[in-house]
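In what follows, a structure is listed as structure tokens, so that the remarks can point back to it.
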Amino acid sequence: MARRREIREAAMQFLYAHGLAAEEGFAPDELAAALDRFWALRQGSRHIRRDADALIRAAVEFLPEADAQIAALSENFALDRVTAVDRSILRLALYEMVKREDVPPIVALNEAIEIAKRFGTPDSWRFVNGILDQFAKSLDRPLRQVPKS
């Protein structure tokens, strides 16, 4: 499995396992303890752990913004009706699409679809694709390239 995919999958599994509501979040010491418990149960090299931890911490900070976007884009679906797996996948992808300039938005979208196919329901990938495709249209950056420095 590609390293970046493994990092994303670990981050999605952490978010799923903790079923975080945007308003809950974690205190910094609670997040560190939760990450330690998570990694005690999940295999991963120290490089995967280091990068997944960074992605998880950033995604947890981004939860309120991600959840607002998911709620706005998922017409006729209250946020709590979106499955926990789909919600976790969407939170990570939205974070990457908005905050990670080193990740082209189309890559975040495609990775989210592949993760949804692996971990979600048979229709999860369609739902994830629909939400993220809608969101991608609102971005003011190129979808297929990383900005030049």
Side-chain angles (χ1 to χ4, degrees), residues 1-35 37-38 42 48-149:
M1 173 185 321
R3 183 173 177 273
R4 298 285 301 244
R5 170 89 43 91
E6 188 175 349
I7 291 164
R8 288 180 177 104
E9 287 182 358
M12 182 280 299
Q13 290 169 333
F14 177 88
L15 292 178
Y16 170 79
H18 289 282
L20 296 171
E23 58 278 353
E24 292 173 13
F26 279 108
D29 57 330
E30 291 172 336
L31 181 55
L35 285 166
R37 286 190 305 274
F38 174 73
R42 189 184 191 283
I48 296 296
R49 179 179 176 167
R50 180 195 64 219
D51 292 345
D53 280 0
L55 179 57
I56 291 165
R57 289 174 188 280
V60 166
E61 276 186 39
F62 190 73
L63 280 178
E65 191 173 338
D67 285 356
Q69 287 294 334
I70 296 166
L73 294 167
S74 56
E75 296 174 17
N76 303 321
F77 255 85
L79 184 62
D80 62 348
R81 287 192 57 213
V82 176
T83 69
V85 169
D86 293 352
R87 194 169 48 245
S88 299
I89 294 167
L90 288 168
R91 286 168 165 173
L92 289 171
L94 288 166
Y95 162 73
E96 286 192 316
M97 292 171 84
V98 172
K99 298 290 187 179
R100 294 288 306 265
E101 289 191 7
D102 62 324
V103 177
I106 199 72
V107 170
L109 188 150
N110 288 332
E111 283 290 302
I113 291 167
E114 292 305 315
I115 293 170
K117 286 177 181 177
R118 180 164 182 214
F119 292 99
T121 67
D123 291 325
S124 286
W125 72 271
R126 288 182 183 91
F127 178 73
V128 166
N129 182 50
I131 297 293
L132 295 177
D133 187 56
Q134 252 186 293
F135 181 74
K137 292 174 185 172
S138 72
L139 291 174
D140 61 352
R141 63 183 266 212
L143 294 181
R144 299 186 181 279
Q145 59 191 353
V146 174
K148 295 181 181 169
S149 323

Notebook entry, point to check: Which distance, rounded to the nearest 0.5 Å, do you find between the OH of Tyr95 and the CD of Glu65?
Noted result: 11.0 Å

Check: Counting only heavy atoms not in Glu61, do more than 12 fall under 6.0 Å of its CD?
Finding: no

Note to self: Within this structure, what is the CG-CZ distance for the pair Asp86 and Arg81, rounded to the nearest 0.5 Å?
What the structure shows: 12.5 Å

Notebook entry, point to check: With the threshold set at 4.0 Å, does a side-chain nitrogen-carboxylate oxygen contact exist between Arg57 and Asp53?
Noted result: no

Margin query: Is there a side-chain contact (heavy atoms from CB on, under 4.5 Å) between Thr121 and Ser124? Walk through the geometry before answering.
Written below: CA-CA 5 Å; Thr121 67; Ser124 286; 3.0 Å; yes

Checklist line | Residues Glu6 and Arg3 bridged, charged N to O under 4.0 Å | finding: no

Check: Taking all non-hydrogen atoms of both residues, which atom of Leu92 and which atom of Ala59 are closest, and how far apart?
Finding: CD2-CB, 3.6 Å

Checklist line | Residues that Arg100 engages under side chain to side chain donor-acceptor pair (under 3.5 Å), provided they are two or more places apart | finding: Asp102

Item checked: Distance-minimising heavy-atom pair for Ala93 and Leu132 -> CB-CD1, 3.5 Å

Next item on the list: Could you pull out the closest heavy-atom pair between Glu96 and Arg141, with the gap in Å?
Entry: O-NH1, 4.0 Å

Margin query: Checking side-chain contact (heavy atoms from CB on, under 4.5 Å) between Ile89 and each of Ile113, Val82, Ile115, Leu15, which is the one that passes?
Written below: Ile115

Item checked: Reported CE-to-CZ distance for the pair Met12 and Arg5, which is rounded to 0.5 angstrom -> 11.0 Å

Checklist line | Gap between atom CZ of Arg91 and atom CD1 of Ile70 - 0.5 Å precision | finding: 6.0 Å

Check: Just how far is it from atom CD1 of Ile7 to atom CZ of Arg50, taken to the nearest 0.5 Å?
Finding: 8.0 Å

Margin query: Ignoring hydrogens, what is the shortest heavy-atom contact between Leu94 and Gln69? Give both atom names and the distance.
Written below: CD1-CB, 4.0 Å

Next item on the list: Could you pull out the closest heavy-atom pair between Leu73 and Gln134, with the gap in Å?
Entry: O-OE1, 3.2 Å

Check: If you take all heavy atoms of Pro104 and Leu143, which pair is closest and at what distance?
Finding: CB-O, 3.6 Å

Note to self: Applying side chain to side chain contact (heavy atoms under 4.5 Å, CB included), can you list everything that pairs with Ala34, at least two apart in sequence or on another chain?
What the structure shows: Phe14, His18, Phe26, Arg37

Next item on the list: Please collect all ring-ring contact (aromatic ring centres under 6.0 Å, His included) contacts where either partner lies in residues 114-144, sequence neighbours excluded, each pair once.
Entry: Phe77-Phe127

Notebook entry, point to check: Can you list the steps and then say if Val103 with Arg4 is a side-chain contact (heavy atoms from CB on, under 4.5 Å)?
Noted result: CA-CA 11 Å; Val103 177; Arg4 298 285 301 244; 3.2 Å; yes

Item checked: Gap separating the NZ atom of Lys99 from the CD atom of Glu101, nearest 0.5 angstrom -> 10.0 Å

